[in-house]
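First up is the structure itself, then whatever we jot down about it.
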Amino acid sequence: MPAILVLHGPNLNLLGSREPEVYGSLTLKEINERLAVAGVELGLEIRSFQSNSEGALIDALHQARNWADGVLFNPGGYTHTSVALRDAVAAIGLPVIEVHLSNVYAREEFRHQSLISPVCSGKIVGFGWRSYWLGLQAMVHLLSE
Ligand code: DQA
């Protein structure tokens, strides 16, 4: 069974109460539970991890080399700033799909740039928690190719 790391970056631990008009009202726990259900339906083993720390996210990406077949990654605000996370994504040699709850292109201009996108297999933005759900579907297709 393919194993997928669902990796959530900074401030996503506050989902549910953080700007719900932008990010929706589900908590991170509720999103992870829905993804676990989707994983069962899709025949994927899902492991979720969230950190506010760039280093911990890098470590999780490195460790994924030992057990995961692919990564769904919402790098949060680090999307727009982190060379180190981009390098980690490029280094691990796993398919990584970038995911954002909000439509970053309809927001402030600084959110239009992603340092991560060029080293990802693809990217899904703007569908709330379903961006992750769509990312899982995309991953299934990617892994079956
Ligand atoms: C986000 C978009 C980022 O610009 C922002 O910094 C976040 C969340 C999203 O999922 O829409 O923290 O990654």
Side-chain angles (χ1 to χ4, degrees), residues 2-42 44-65 67-143:
I4 306 301
L5 170 63
V6 179
L7 188 57
H8 308 278
N11 300 306
L12 297 170
N13 55 312
L14 300 182
L15 286 176
S17 62
R18 175 194 181 197
E19 299 180 82
E21 66 288 356
V22 178
Y23 298 116
S25 56
L26 291 185
T27 63
L28 188 61
K29 185 169 177 281
E30 288 166 339
I31 291 174
N32 284 333
E33 284 166 1
R34 289 182 185 205
L35 296 178
V37 171
V40 171
E41 286 165 7
L42 293 168
L44 299 171
E45 180 196 338
I46 310 275
R47 295 190 209 172
S48 302
F49 177 69
Q50 186 275 333
S51 180
N52 294 319
S53 148
E54 200 174 12
L57 294 167
I58 292 168
D59 289 341
L61 288 165
H62 290 182
Q63 283 157 17
R65 283 181 307 169
W67 64 268
D69 297 289
V71 182
L72 280 196
F73 188 20
N74 184 347
Y78 289 139
T79 306
H80 320 295
T81 62
S82 178
V83 173
L85 278 173
R86 175 202 173 110
D87 287 348
V89 169
I92 59 174
L94 292 172
V96 176
I97 297 178
E98 184 182 341
V99 168
H100 297 281
L101 296 139
S102 65
N103 179 359
V104 283
Y105 299 104
R107 302 182 62 197
E108 303 96 325
E109 204 163 329
F110 67 84
R111 296 186 204 276
H112 298 184
Q113 167 168 281
S114 168
L115 298 189
I116 313 293
S117 299
V119 290
C120 288
S121 302
K123 166 170 171 166
I124 299 171
V125 310
F127 296 100
W129 77 271
R130 288 186 183 80
S131 291
Y132 292 96
W133 183 84
L134 291 165
L136 287 183
Q137 318 281 329
M139 188 62 81
V140 168
H141 289 285
L142 211 57
L143 294 177

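What you are looking at is a predicted structure, and each value in this text was computed from that prediction instead of being measured. Whatever order the structure lists them in is the order used to number ligands and atoms, beginning at 1.
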> To the nearest 0.5 Å, how far apart are OG in Ser117 and CD1 in Ile97?
Replying inline: 12.0 Å

> Say you draw a straight line from CZ of Phe110 to NE2 of His80; how long is it, rounded to the nearest 0.5 Å?
Replying inline: 6.5 Å

>> Could you measure the distance from the CH2 atom of Trp67 to the CG atom of Leu5? Nearest 0.5 Å is fine.
In response: 4.5 Å

>> Just so I know, are the side chains of Ile31 and Leu101 near enough to count as touching, which here means a heavy-atom distance under 4.5 Å?
In response: yes

Are any protein N/O atoms closer than 3.5 Å to the N/O atoms of ligand 1? If there are, list each pair with names and the distance to one decimal place.
unit_1, atom_1, unit_2, atom_2, d
ligand 1, 4 (O), His80, NE2, 2.7
ligand 1, 4 (O), Arg111, NH1, 2.9
ligand 1, 6 (O), Gly77, N, 3.2
ligand 1, 6 (O), Arg111, NH1, 3.1
ligand 1, 10 (O), Asn74, ND2, 2.8
ligand 1, 10 (O), Leu101, N, 2.8
ligand 1, 11 (O), Leu101, N, 3.3
ligand 1, 11 (O), Ser102, N, 2.9
ligand 1, 11 (O), Ser102, OG, 2.6
ligand 1, 12 (O), Arg18, NH1, 3.2
ligand 1, 12 (O), Arg18, NH2, 3.0
ligand 1, 13 (O), Asn74, OD1, 2.8
ligand 1, 13 (O), His100, ND1, 2.8

> Does a side-chain heavy-atom distance below 4.5 Å link His100 with Tyr105?
Replying inline: no

>> So that I can tick it off, tell me whether Glu30 and Arg34 are bridged by a salt bridge, with the cut-off set at under 4.0 angstrom between side-chain N and carboxylate O.
In response: no

